[in-house]
Amino acid sequence: NAGVMQNPRHLVRRRGQEARLRCSPMKGHSHVYWYRQLPEEGLKFMVYLQKENIIDESGMPKERFSAEFPKEGPSILRIQQVVRGDSAAYFCASSPPGSGELFFGEGSRLTVL
Amino acid sequence: GNSVTQMEGPVTLSEEAFLTINCTYTATGYPSLFWYVQYPGEGLQLLLKATKADDKGSNKGFEATYRKETTSFHLEKGSVQVSDSAVYFCALRSLGGNEKLTFGTGTRLTIIP
């Protein structure tokens, strides 16, 4: 059973470009979470999604950031018009419903030049 | 709101030394408590957890006891190894909430031979 798969592992963008980060949850997991880790800081919750639904987006910046988890395919975290402050590691986690445990991917490291 | 306060690092110990990483929390009700470990270049892995007061979580020689009276969940290991070098995160999940975790800032541990 493959773990949570994230890609790309590393992404470099110039200011103003768009970044798309993808996450495929573990097989059988219907819940996806996105976290952001700034350098030398802990993980900050961004958004929690189930298939075709955003359940909790209380940690998402109001502008430029969006997330989706379509019926088919991976979850996507999209950052428009990136700025240097968006440089961070973005981690995706998945869980089966009601399990109480999150399984994390290896993260996508975004660098904005 | 929920918060987790962790002992600041970095922490450097010699092999076979005793380890304590302090963690205290603020939450309403009785949250579940977790320790996650992040090895270099990897995602987070669940190390251990406790779901109610006085529970002791343990794994790979690490232990942590859920202390409601002191709102703490300190991580301990009697004899550390070089392979324990990693960043350790304390986290909580509120009772009745979704699986969203609130993380501490992480403690970087380096074990020298």
Side-chain angles (χ1 to χ4, degrees), chain A residues 2-10 21-26 29-51 53-60 67 69 88-109, chain B residues 1-11 21-27 30-52 55 57 59 66 86-110:
Chain A
V4 176
M5 304 300 292
Q6 289 189 247
N7 69 83
R9 291 292 306 277
H10 300 275
L21 309 177
R22 287 175 289 278
C23 169
S24 296
M26 289 180 70
H29 290 192
S30 56
H31 297 198
V32 165
Y33 301 77
W34 285 94
Y35 284 81
R36 177 165 62 176
Q37 184 180 31
L38 294 170
E40 303 303 319
E41 293 189 16
L43 277 76
K44 302 295 185 186
F45 169 78
M46 299 183 74
V47 62
Y48 162 42
L49 310 105
Q50 296 177 15
K51 287 282 187 182
N53 281 307
I54 296 175
I55 307 301
D56 181 348
E57 57 181 347
S58 57
M60 286 278 273
F69 188 17
Y90 292 83
F91 287 95
C92 173
S94 72
S95 71
S99 78
E101 181 175 349
L102 298 187
F103 295 80
F104 282 83
E106 295 183 337
S108 293
R109 283 159 178 80
Chain B
N2 297 337
S3 67
V4 176
T5 302
Q6 259 185 261
M7 171 181 178
E8 289 193 14
V11 174
I21 300 178
N22 290 339
C23 171
T24 57
Y25 66 89
T26 302
Y30 302 98
S32 294
L33 302 173
F34 304 82
W35 277 100
Y36 279 81
V37 58
Q38 183 181 27
Y39 298 103
E42 299 184 12
L44 277 71
Q45 303 172 25
L46 178 64
L47 180 61
L48 54 83
K49 67 179 181 181
T51 57
K52 61 183 187 296
D55 267 2
N59 186 25
Y66 189 141
V87 181
Y88 292 81
F89 292 92
C90 186
L92 70 81
R93 186 183 75 240
S94 290
L95 183 68
N98 58 48
E99 271 73 26
K100 179 174 74 175
L101 295 172
T102 300
F103 284 90
T105 54
T107 301
R108 182 176 300 277
L109 173 67
T110 302

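These numbers come from a predicted model, not from an experiment. Letters A, B, ... mirror the listed sequences (proteins, then strands); counts begin at 1.
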Asker: With sequence neighbours left out, write down each residue that passes side-chain hydrogen bond (donor to acceptor under 3.5 Å, both in side chains) with A:W34, or none if nothing qualifies.
Answerer: A:S75
Asker: Are there more than 12 heavy atoms of other residues, nucleotides or ligands under 6.0 Å from atom CZ of A:R22?
Answerer: yes
Asker: Listed by residue number, which members of residues 37-46 of chain B have a heavy atom under 4.5 Å from any heavy atom of chain A?
Answerer: B:Q38, B:G41, B:E42, B:G43, B:L44, B:L46
Asker: Check side-chain hydrogen bond (donor to acceptor under 3.5 Å, both in side chains) between A:R9 and all other residues, then give those that pass, not counting sequence neighbours.
Answerer: A:E106
Asker: Residues in salt bridge (Lys or Arg N to Asp or Glu O under 4.0 Å) with B:K52, at least two apart?
Answerer: B:D55
Asker: Which value, rounded to the nearest 0.5 Å, describes the distance between A:L102 atom CG and B:Y36 atom OH?
Answerer: 4.5 Å
Asker: How long is the span from the CD atom in A:E101 to the CZ atom in B:R93, to the nearest 0.5 Å?
Answerer: 9.5 Å
Asker: Non-hydrogen atoms of chain B under 4.5 Å away: do they reach the side chain of A:S58, the backbone, both or neither?
Answerer: side chain
Asker: Do you know which two heavy atoms are closest between B:L101 and A:F45, and how far apart they sit?
Answerer: O-CB, 4.4 Å
Asker: Measuring heavy-atom distances to chain B, does A:Q37 have an atom under 4.5 Å in its side chain, in its backbone, in both, or in neither?
Answerer: side chain
Asker: Does atom CE of B:M7 have more than 12 heavy-atom neighbours from other groups under 6.0 Å away?
Answerer: yes
Asker: Distance from B:T105 atom OG1 to A:L43 atom CG, nearest 0.5 Å?
Answerer: 11.0 Å
